[in-house]
Protein chains: 2
Amino acid sequence: MAVVLPPHRHEACYRHEALGVVFQVRDGRLNVLLWRRAASPFEGAWALPGGPLGPGERLGASASRHLATKVDLKEIAHLEQLETRSDPVRDPRGRVLATAYLALVTTGARPHVPADTAWHPVDDLPPTAFDHGSITGSARERLRAKLSYTNIGFALAPETFTIAQLRDIYAAALGHPVSATNLQRILTRRGVIEPTEEVARPAAAGGRPATLYRFAARTLVVTNPFAAFRPRIPSPGTGSEGRQPLNA
Amino acid sequence: MAVVLPPHRHEACYRHEALGVVFQVRDGRLNVLLWRRAASPFEGAWALPGGPLGPGERLGASASRHLATKVDLKEIAHLEQLETRSDPVRDPRGRVLATAYLALVTTGARPHVPADTAWHPVDDLPPTAFDHGSITGSARERLRAKLSYTNIGFALAPETFTIAQLRDIYAAALGHPVSATNLQRILTRRGVIEPTEEVARPAAAGGRPATLYRFAARTLVVTNPFAAFRPRIPSPGTGSEGRQPLNA
DNA sequence: GAAGGTTTTCGACTTATAGTCGATAACTAT
DNA sequence: ATAGTTATCGACTATAAGTCGAAAACCTTC
């Protein structure tokens with residue numbers, strides 16, 4: 001890999017792994033994909049999918065590659081870098097840096113997973129290996145924050161959905177009750193979701209059929225930008241031009 | 001899968017460096033600390049301070065250690081991890097992963113910097129080395145976002161300050177005009193800043209002396225949490241208990 | 001097909017937060 | 001004193017968000 005490395009210079013190098021925190025809302029709860037370690041260290045504990053970075057490989061590609069062994073890659077609707085852990089003793093076998101990625105799978109997708117792998121509700125985790133429990137916590141915080149100022153819900157919700165379904169998904173991911181009325185109004189106003197022509201079949205018990213919505217975009221967009229302290233832009237054609245009174 | 005790491009297995013390892021994006025507001029503009037490369041590659045271009053990760057060293061400590069050679073460490077009021085770049089060709093000399101850190105220096109501090117090192121306004125950068133220009137851009141976005149939902153301003157502002165000074169600092173870091181009235185009200189309500197007993201001496205031209213403010217905390221606190229879609233908590237003692245109508 | 005049950009949707013209201021603007025306060029210099 | 005300058009504050013407006021209940025649109029049962 002090293003091309004013109006100065007031969008006299010001895011620079012340390014480090015093993016590096018990519019980890020994926022794969023979230024999916026199942027049965028109204030936020031779940032994370034973990035596999036059970038069969039051997040020491042942390043035998044029997046549950047770990048995040050991941051593995052070593054390959055030569056010439058980027059971290060994002062590495063995360064995808066290792067995830068592909070545990071879950072169908074096509075089902076991963078969003079992937080983003082979280083953080084890099086560098087504690088020298090995070091792995092008792094030796095030093096390994098780890099870069100964690102947040103990966104989201106839409107509700108309803110039922111990707112096939114290997115026998116040693118299973119979904120676990122994030123607020124009821126089994127014993128975890130290494131620092132993977134703490135990494136899962138960071139991932140959850142990131143997801144929570146982004147749900148409120150981006151359209152990241154597209155990666156958790158199915159292609160089309162009713163507002164009630166979306167409310168349940170948001171409630172599971174956010175960890176607190178969500179008002180359907182509010183959710184509909186806010187996301188519609190922001191242009192995050194839009195109604196389709198179709199309606200959902202009413203439940204067995206009957207009830208008014210719900211309109212099906214979809215996400216307007218299926219790539220990440222920041223929809224609620226941090227605009228604090230910014231003066232409003234006056235509507236064009238009004239007032240004198242070139243005024244900048246707030247900075248004077 | 002791999003149990004007790006088979007000793008015959010040759011796992012690749014990678015050089016890794018920590019980089020610091022040091023920001024300071026100077027003369028009403030957001031500046032970043034860069035040093036001028038004297039040798040190839042990118043001879044004459046400007047680079048972020050940083051250097052290789054040491055054995056047994058954590059990334060944050062490594063960033064601090066390398067920053068110490070370019071700026072007085074005591075002046076760094078806040079340090080946080082940004083992201084890890086892994087493009088195999090980001091360094092033409094060979095593969096080096098880089099983890100970037102955001103570092104903030106308070107206005108007014110005048111740390112001594114080496115001869116090859118200088119401050120540059122972020123919106124008027126000279127030619128930069130490697131991917132350091134892009135990393136600086138990411139850092140700036142992070143700073144902008146955090147200014148609006150955390151108390152991170154404490155790491156940009158001096159110990160005490162007038163609202164007008166704080167407005168200039170925010171305006172420089174955010175890149176848009178800021179209303180002093182609004183800034184005062186919002187940050188006070190959130191409990192981010194608080195008035196001291198003292199007042200500033202009026203400027204040469206006179207004018208009413210301004211109250212000096214300080215930040216209530218000098219460590220990072222999220223003050224404007226993302227609470228979208230969350231129902232309000234009813235004031236205690238009101239209504240029947242145990243109701244959860246929004247999730248029903 | 002009328003009645004009653006269920007779920008969705010919508011409008012009207014209230015509250016909280018943020019931006020605007022001008023009046024007043026408190027200083028300096030002449 | 002008077003004029004000039006800057007800071008502070010209150011009152012107003014605008015926007016966003018949370019609450020609540022009525023009406024809509026389906027189901028099943030009688």
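For the numbers below, each heavy atom of this structure counts, side chains included, while hydrogens, waters and symmetry mates do not.
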**Asked** Does a nitrogen or oxygen in the side chain of B/R189 sit under 4.0 Å from OP1 or OP2 of C/dT17?
**Response**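 It does, given that an N or O in the side chain of B/R189 lies less than 4.0 Å from OP1 or OP2 of C/dT17.
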**Prompt:** Reckon B/N182 has a side-chain N or O less than 4.0 Å from the OP1 or OP2 of C/dG19?
**Reply:**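 For C/dG19, OP1/OP2 do have a side-chain N/O of B/N182 under 4.0 Å.
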**Prompt:** So which heavy atom on B/P195 is nearest to which on B/Y213, and how close?
**Reply:** N-CD2, 3.5 Å
**Prompt:** Which value, rounded to the nearest 0.5 Å, describes the distance between A/W46 atom CH2 and A/L33 atom CG?
**Reply:**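 It comes to 9.5 Å.
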**Fill in**
NE2 (B/H120) and OG1 (B/T128) are apart, to the nearest 0.5 Å, by 10.5 Å
**Fill in**
On DNA chain D, more 5' by nearest nucleotide between A/G207 and B/T181 is B/T181
**Request:** Using a heavy-atom cut-off of under 4.0 Å over every strand shown, decide if B/R190 touches base, sugar-phosphate, or nothing.
**Result:**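 Sugar-phosphate, no base atom in range.
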**Asked** A/T211 near the nucleic acid: base, sugar-phosphate alone, or nothing, with a heavy-atom cut-off under 4.0 Å?
**Response** sugar-phosphate
Distance in angstrom units between [X] [atom1] and [N] [atom2], rounded:
{"X": "B/Y213", "N": "D/dA7", "atom1": "OH", "atom2": "P", "result": "12 Å"}
{"X": "B/Y170", "N": "C/dG19", "atom1": "OH", "atom2": "P", "result": "13 Å"}
{"X": "B/I193", "N": "D/dT8", "atom1": "CD1", "atom2": "P", "result": "10 Å"}
{"X": "B/L187", "N": "D/dT8", "atom1": "CG", "atom2": "P", "result": "14 Å"}

**Prompt:** Considering only heavy atoms and no angle criterion, is a donor-acceptor pair shorter than 3.5 Å present between the side chain of B/R230 and the base of D/dG18?
**Reply:** no
**Message:** Base of D/dG18, side chain of A/R185 - is there a donor-acceptor contact under 3.5 Å?
**Reply:**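 Answer is yes: a donor-acceptor pair is held.
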**Prompt:** Mapping B/V199 and A/F229 onto DNA chain C by nearest heavy atom, which one lands closer to the 5' end?
**Reply:**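 Nearest nucleotide further toward 5': that of A/F229.
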**Asked** Between D/dA7, D/dG18, C/dC27, which nucleotide has the shortest distance from any of its atoms to the side chain of B/R208?
**Response**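 Nearest to the side-chain atoms of B/R208, counting from C-beta on, is D/dA7.
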**Request:** Ignoring hydrogens and angles, state whether a donor on the side chain of B/E83 or B/S138 is under 3.5 Å from an acceptor on the partner side chain.
**Result:**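 The answer is yes; a qualifying pair exists.
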